[in-house]
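The structure appears right after this line, and notes come after that.
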Amino acid sequence: MTPLQALHKYFGYSEFRHQQDAIVTQVLNGHDVMALMPTGGGKSLCYQLPAVLLPGLTIVISPLIALMKDQVDSLNVNGIPAAFFNSSQTPDEQRDIIGRLKNNRIKLLYLAPERLFGTENKLIDFLRSLPVSLFAIDEAHCISHWGHDFRPEYLMLAHLKDHFKNIPVIALTATADKLTQKDILEKLNLHQPAVYVSSFNRANITYRVSPKNKSFNQLLNFLDKRRDDSGIIYCLSRKSTEALAADLKEEGYSAEAYHAGLDHATKARNQEAFLRDEVKIMVATIAFGMGINKSNVRYVVHMDLPKNIEGYYQETGRAGRDGLPSDAMLYYSPGDAIKLKGFVSLENNEEQSRIMLDKLNDMSAYCELHTCRRKYLLNYFDEDAPDNCGSCDICLSEFKKFDGTLIAQKALSAVYRLNQRFGLGYVIDFLRGSKSEKIRDEHKQLKTYGVGADISKAQWQRYLRELNAHGYLQITNDEYPIVKLTDKSEVVLKGLQKVELTEAQIIEEKAEEVLPYEAALLDQLKTVRLNFATYENLPAYIILSDATLLEMATYLPQSMDELRHISGFGDVKLARYGREFLEIIKTYSAANSLASKMKPRPAKRQAKPREAKTSNTQKESLNLFNAGKSIPQIAAERGLSPMTVEGHLTQFVQTGGLEVTRFVDENKIPAIQDAIDSYGTDRLAPLKEVLGDNYSYTEIKAVISWLKRGE
Ligand code: ADP
Ligand code: ZN
């Protein structure tokens, strides 16, 4: 099988992204590789695909135990046997994994570095006895002091090459700076490594910065159009994450907080709820996010200024891993930069402090740009970029210059009248004639008070900043910055010089050439996905990504053959879930007189997916069931999901072919019936919730079918 065939068969993708193709080939040829790709770029595939094709075991070193499960679940639903080893497992579970490893029945094993080399439960001797084909070091920058996420336990990996002499190693990271790169290569002792640096551009993310002004209102405005979307909101302090999450809840949003100070159980619960779309918004400190593979994060908001571009870029990169359009929004106040200065300077480490301060300045500069933000970001990572990206707030705006002399005069004379002793906010309130008690009474008597009432607060902020940038005003660098006049102020005030200001106008966002999709159908597909997810106890995006659902709702595949051309359906997912989705699409298309929009594409592979006979598929499940097999056994035997098999069988309850008591104890039926009376049968999750652990999905479904008998 070629790598491309395997890509289609196991992952359901029709082409490689970035340099995946070359990387995979190098790894398969036994070379050491270092791959740098942006977050969401598709690093995992660079070792997962070789792992499938190589004869032995691939060992993946990953820093966060909590997130290995996600990766392993994703692999398993694609039919790739994978496992992880960690302290949360029982001895029985661990013995089971050891057994499967001995029989060469696992292709990928995820481990934390201390598991491999640590003094406790050392695995290295056992692993050396296995046919290991490849090591993958995920988040490899953790080995470097220069990276922003150094982890001492990663230093143990320096011994890897001593213990596994000729086994190829692939190191992967989304951190690109040169020092870190060099460090990774040296510390891991890679042998003549092939180094791949992908473009760091994340074309599907739109970058925006907005002057911070009543940020909660600004945020509500932003969220209003994104009510059904998942997003991450970053705050600087732990306290503010909790406060903001509470405020958002009060506004009817589904939000939770996450920070390092929460107890372990709360953190795990909130993260899990977010991954499973039960909570839409995660309000978090930067402690949240590394290794989060949730692909349908639609936006990332920064309420406060990040400390450096590296962190900012990684955090925003968590949006849009599925490739769909996504937003990065930052609320910026120059005051934040001043506050942060205290944070970033380290005692007794002048050199490090200077580096951090420089990085902070680069971050502020980004926020004050009048040129393309994407270009700035890419240049920061030593990459060229065109002047206009067409999808950042700057490139989406048109700047018009106009004669702003009068506005400038109003502003300057306000500053003068206030004796150059007040901050930006006060000056603006004064100009706008605010009735607030904060404005001193004597100031309310002044002639300039209220002369700028026709201009909005946000607009005044922009004008004052621009006057500052052009040197007509000065904003001091103090903890509480004060607005002062400059040498250039006087000529303006005297009317001897004109001042040009710019006005930004958002041009209509270019309607992209996208095919329209069937919104109602998309909702139905999401429900089916959620049912699978709830049933299999997995996050929905592991079953299928949003992008895959969107493709289905756009192209309306009408046969299994067409469905397998939808990106994201590998062979196993197609067999497990395909039929259910196809049924929904066909019914919807027929009801709305719609036809398939899939262009006939050349078949990528000759072999057809294993197809059960459509007509008799339910019967086949029934026969196996009657022969005494359990639902999981039937599912495994037929390559279907347990939920599908259950669907087959419960249908026979409805038609009278099977007794309901084959699935549920008679005594339990009344309680289930009660719950159905109160909550209906549209969604199973609420029923399961009220009924509790003593009632299974199977039991609930059986009763639903039984109640519908004769329909
Ligand atoms: P990274 O680890 O680099 O942040 P991931 O490996 O999690 O990124 O990949 C991001 C998303 O892109 C995943 O949902 C993955 O399945 C998807 N993906 C990876 N490679 C491809 C490809 N060649 N075609 C389509 N989707 C891909
Ligand atoms: Zn741009």
Side-chain angles (χ1 to χ4, degrees), residues 38-40 43 62-71 88 112 138-139 141-142 147-151 173-175 202 205 215 219 222-223 226 229-249 253-322 326-331 336 340 343 363 539-542:
T39 310
K43 284 187 286 297
S62 167
L64 292 180
I65 293 168
L67 299 156
M68 293 177 185
K69 185 171 181 310
D70 214 56
Q71 292 265 351
S88 72
D138 207 3
E139 313 282 2
H141 62 277
C142 292
H148 51 98
D149 197 19
F150 172 62
R151 289 173 182 250
T173 174
T175 302
R202 292 290 311 281
I205 299 181
S215 53
L219 179 65
F222 175 86
L223 294 178
R226 298 171 172 81
D229 294 343
S230 282
I232 305 175
I233 301 178
Y234 283 109
C235 301
L236 189 60
S237 76
R238 296 176 178 185
K239 235 167 76 187
S240 52
T241 62
E242 294 188 27
L244 183 56
D247 289 346
L248 286 172
K249 277 192 207 171
Y253 284 96
S254 121
E256 290 296 342
Y258 188 104
H259 60 73
L262 292 171
D263 64 88
H264 187 71
T266 310
K267 275 194 294 196
R269 192 176 60 239
N270 291 354
Q271 177 176 310
E272 186 78 5
F274 180 65
L275 294 183
R276 291 179 181 229
D277 292 328
E278 289 156 13
V279 163
K280 294 286 183 194
I281 303 175
M282 192 62 115
V283 189
T285 62
I286 54 169
F288 179 75
M290 179 150 91
I292 294 284
N293 287 321
K294 185 174 168 61
S295 63
N296 65 340
V297 175
R298 286 276 72 81
Y299 59 86
V300 170
V301 176
H302 285 86
M303 299 304 285
D304 303 297
L305 187 68
K307 294 190 187 114
N308 50 56
I309 299 275
E310 286 88 347
Y312 170 73
Y313 202 62
Q314 198 151 55
E315 284 139 30
T316 54
R318 293 183 182 129
R321 278 164 181 263
D322 52 15
S326 307
D327 287 292
M329 172 59 101
L330 190 163
Y331 295 112
D336 280 357
L340 274 180
F343 273 97
M363 190 67 229
Y541 67 89
I542 285 187

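- Asp304 places a side-chain N or O within donor-acceptor distance of the main-chain N or O of Leu236, the cut-off being under 3.5 Å.
- No donor-acceptor pair closer than 3.5 Å links the side chain of Arg202 to the backbone N or O of Tyr313.
- Across Gly289 and Tyr234, no two heavy atoms sit closer than the pair CA-OH, 4.2 Å.
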Exercise for review: Given side-chain contact (heavy atoms from CB on, under 4.5 Å), test Leu248 with Ile233 step by step and report yes or no.
Suggested key: CA-CA 11 Å; Leu248 286 172; Ile233 301 178; 3.9 Å; yes

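- Residue Arg226 holds its CZ atom at 7.0 Å from CE of Met329, rounded to the nearest 0.5 Å.
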Run the side-chain donor-acceptor check on residues 240-247: report pairs under 3.5 Å with partners two or more places apart or on a different chain.
unit_1: Ser240; atom_1: OG; unit_2: Ser237; atom_2: N; d: 3.4
unit_1: Ser240; atom_1: OG; unit_2: Ser237; atom_2: O; d: 3.0
unit_1: Ser240; atom_1: OG; unit_2: Ser237; atom_2: OG; d: 2.7
unit_1: Thr241; atom_1: OG1; unit_2: Arg238; atom_2: O; d: 2.5
unit_1: Glu242; atom_1: OE2; unit_2: His259; atom_2: NE2; d: 2.6

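- Met68 and Ser62 get closest at one heavy-atom pair: CE-O, 3.5 Å.
- Arg318 places no side-chain N or O within donor-acceptor distance of the main-chain N or O of Ile232, the cut-off being under 3.5 Å.
- Sorted by first and then second residue, the pairs that involve residues 264-276 and meet salt bridge (charged side-chain N to carboxylate O under 4.0 Å, His left out), not counting sequence neighbours, are Glu272-Arg276.
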Check your understanding: Does the side-chain contact (heavy atoms from CB on, under 4.5 Å) test come out yes or no for Phe274 and Glu256, once each step is laid out?
Key -> CA-CA 8 Å; Phe274 180 65; Glu256 290 296 342; over 6 Å; no

**Study point:** Test log, rule side-chain contact (heavy atoms from CB on, under 4.5 Å), inputs Tyr312 and Leu330
**Key:** CA-CA 10 Å; Tyr312 170 73; Leu330 190 163; 3.6 Å; yes

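- Listed here is the closest heavy atom pair of Ser230 and Asn296: CB-O, 3.7 Å.
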Practice item. Could you walk me through whether Asp277 and Lys294 pass the side-chain contact (heavy atoms from CB on, under 4.5 Å) test, one step at a time? Key: CA-CA 10 Å; Asp277 292 328; Lys294 185 174 168 61; 2.5 Å; yes

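- Considering every non-hydrogen atom in both Pro38 and Ala174, the closest pair reads C-CB, 4.2 Å.
- Of all heavy-atom pairs between Gly317 and Ile205, the closest is CA-CD1, 4.2 Å.
- How far CE of Met363 is from CG of Asp336: 10.5 Å, rounded to the nearest 0.5 Å.
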**Study point:** Residues Tyr299, Phe222; criterion ring-ring contact (aromatic ring centres under 6.0 Å, His included); working and verdict
**Key:** CA-CA 10 Å; Tyr299 59 86; Phe222 175 86; 5.4 Å; yes

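- Considering NZ of Lys280 and OH of Tyr253, their distance stands at 12.5 Å, rounded to 0.5 Å.
- Val297 places none of its side-chain heavy atoms less than 4.5 Å from the side chain of Arg321.
- Residues His302 and Thr316 approach most closely at CE1-CG2, 3.9 Å, considering heavy atoms.
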